[in-house]
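FYI, side chains are in, hydrogens and waters are out, and symmetry mates aren't considered; it's all heavy atoms of this structure. Just so it is clear, the structure is predicted and the values come from calculations on it, not from any experiment.
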Amino acid sequence: MLVSVSERESESIGAEMSITVYYTTVTGSREVKSQQWEVTRVMDSKSIKYEMIDIAQNNSLKEEMRSKSGNPSALPPQIFNGDQHCGGYEDFVEAVETSDVRKFLKLD
């Protein structure tokens with residue numbers, strides 16, 4: 001279930017909204033677009049609520065994503081549960097293939 005919120009509205013959302021997906025609306029890469037779509041499609045199919053943060057809205061959001069992930073060259077999508085970095089697309093796909101999505105998202 002996509003719940004789109006502004007950059008700082010997320011701070012007022014309680015524990016119920018802990019999964020965050022950093023993505024971008026501005027990319028020429030079909031691969032990035034496809035990866036972002038796949039992450040949201042899977043989470044929607046599993047009725048997992050998540051927040052989308054568009055790093056194209058503000059460069060500081062891209063830096064925040066990279067800082068929180070511990071990777072200065074991280075590309076979207078990057079997935080977090082609160083401040084804990086769950087991983088990027090490749091890690092997510094591996095979790096889907098092993099039926100461990102909830103564990104990957106640190107929900108179980």
So, do [X] and [Y] sit near enough that their side-chain heavy atoms are less than 4.5 Å apart?
X	Y	result
Tyr23	Thr25	yes
Ile19	Leu107	yes
Gln36	Val21	no
Pro76	Ile55	yes
Leu61	Asp54	no

Given Met52, Lys62, Arg66, Lys68, the one that forms side chain to side chain contact (heavy atoms under 4.5 Å, CB included) with Tyr22: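 Exactly one candidate clears the test, Lys68.
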[X] side-chain N/O to [Y] backbone N/O, donor-acceptor pair under 3.5 Å:
X	Y	result
Ser29	Val32	yes
Ser45	Val42	yes
Ser67	Glu63	no
Ser34	Arg30	no
Arg102	Asp108	no

Non-hydrogen atoms of Leu105 and Asn81 that approach each other most closely: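 In this case the closest contact between Leu105 and Asn81 is O-ND2, 2.8 Å.
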Nearest heavy atoms of Gln78 and Ser69, plus distance in Å: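 Shortest heavy-atom contact: OE1-CB, 4.1 Å.
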Tyr50 reachable from Val39 in the ILVMFWY side-chain graph, under 4.5 Å edges: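 Val39 and Tyr50: one cluster.
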Phe104 and Phe92 aromatic ring geometry - parallel, tilted or perpendicular at 30°/60° bounds: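 Plane angle over 60°, so perpendicular.
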Find the distance between [atom1] ([X]) and [atom2] ([Y]) and round it off to the nearest 0.5 Å.
X	Y	atom1	atom2	answer
Glu64	Ile53	CD	CD1	6.0 Å
Thr27	Lys33	OG1	NZ	6.5 Å
Gln84	Thr20	CD	OG1	12.0 Å
Thr40	Ile79	OG1	CD1	10.0 Å

Whether over 12 other heavy atoms sit under 6.0 Å from Asp83 CG: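 Open: at most 12 neighbouring heavy atoms sit under 6.0 Å from CG of Asp83.
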Side chains of Ser60 and Asn58, donor plus acceptor under 3.5 Å: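 Yes, a side-chain donor-acceptor pair sits under 3.5 Å.
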